[in-house]
Amino acid sequence: MPVRINPSILAADFANFETELGRITSADLVHVDVMDNHFVPNLTFGLPMVERLLQVTELPMDVHLMIENPERWAQGYAEAGAFSVTFHAEATADPVGVARHLREIGARAGLAVKPGTPIEPYLELLEEFDQLLVMTVEPGFGGQSFMPETMPKLSKARAAVRASGLDIWLQVDGGVTLDTIEIAAAAGADTFVAGSSVFGAADPDAAIAGLREIASATPHVH
Ligand code: DX5
Ligand code: ZN
């Protein structure tokens, strides 16, 4: 099964992003967490930083917007050249409108759900999205523990995607390590965000290879 490993630069050295990006050359995409201190109780950076990061990496960028009002802000990231822009279902009353706008600009449109948010309502809108992100921690901070109780949502999403025949990536984000990636892969994930377990390793590219090996060898159980 093809899998994607997307290291999160939330766990990188914020004073040396260009160098840090050079340590993950085997990544499939680079995951960039935008936080506004309103949707989540933490603040990272916004569009000017993402525009600059895009200039110093050839990796496609997987932007994760943990912000309120994605109707206002999401399109800027697509226009800047992000490969994928994922926003939160809890942050907007019009996820379909936001997704359509992103796709018009040429980005893949992703929809994220927090651990307590049901996924069923969104499985009826599958054709509007290119990626679903099932958060496996409460969004806001790196280094938290993987929440296995979110896995039934992933299995439901995998079943719906399979039934649809659409090419929709199923992403997990939070607490993904060598010890937990198999659980997420078995439940149906094919795209894995990993912050601490990649940038906390002595050799981030080797950590990516280790994660990839386990995920690739794990069949979906449903
Ligand atoms: C958390 C972020 C994650 C974070 C994951 O809200 O969305 O992308 O970087 O970090 P780890 O892999 O350390 O749990
Ligand atoms: Zn993230």
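Just follow the structure's listing: the first ligand is 1, and inside any ligand the first atom is 1. What you see is a predicted model, and the numbers here were worked out from it, not measured in a lab.
Ring geometry for F39 against H88 counts as tilted: the plane angle lies between 30° and 60°, on a 0 to 90° scale.
Distance check: R23 CZ to D205 CG gives 9.0 Å after rounding to the nearest 0.5 Å.
For the residue pair T92 and E71, a side-chain donor N or O sits within less than 3.5 Å of a side-chain acceptor on the partner. Checked by atom type, the side-chain pair T86/Q131 shows a donor-acceptor distance below 3.5 Å. Counting only N and O atoms by type, the side chains of E182 and T218 include no donor and acceptor under 3.5 Å apart. Counted by atom type alone, E79 and Q75 present one or more donor-acceptor pairs between their side chains at under 3.5 Å. Residues H31 and D33 bring a donor and an acceptor atom of their side chains to less than 3.5 Å of each other.
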Starting from the N and O atoms of ligand 1, find every protein N or O within less than 3.5 Å and list the pair with its distance.
unit_1, atom_1, unit_2, atom_2, d
ligand 1, 6 (O), G140, N, 2.7
ligand 1, 7 (O), D33, OD1, 3.0
ligand 1, 7 (O), H64, ND1, 3.2
ligand 1, 7 (O), D173, OD2, 2.9
ligand 1, 8 (O), H31, NE2, 3.3
ligand 1, 8 (O), D33, OD1, 3.2
ligand 1, 8 (O), D33, OD2, 2.8
ligand 1, 8 (O), D173, OD1, 2.7
ligand 1, 8 (O), D173, OD2, 3.0
ligand 1, 9 (O), S8, OG, 2.7
ligand 1, 9 (O), D33, OD2, 3.2
ligand 1, 12 (O), G195, N, 2.8
ligand 1, 13 (O), G143, N, 2.8
ligand 1, 13 (O), S196, N, 3.1
ligand 1, 13 (O), S196, OG, 2.4
ligand 1, 14 (O), G175, N, 2.8

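For the Zn ion (ligand 2), the neighbouring protein N/O/S atoms at less than 2.8 Å, given as residue and atom, are H31 NE2, D33 OD1, H64 ND1, D173 OD2.
Exactly one of R162, R4, R212 qualifies for a salt bridge (Lys or Arg N to Asp or Glu O under 4.0 Å) with D190. That residue is R4. For the side-chain hydrogen bond (donor to acceptor under 3.5 Å, both in side chains) with N6, the lone residue among D28, D173, D62 that qualifies is D62.
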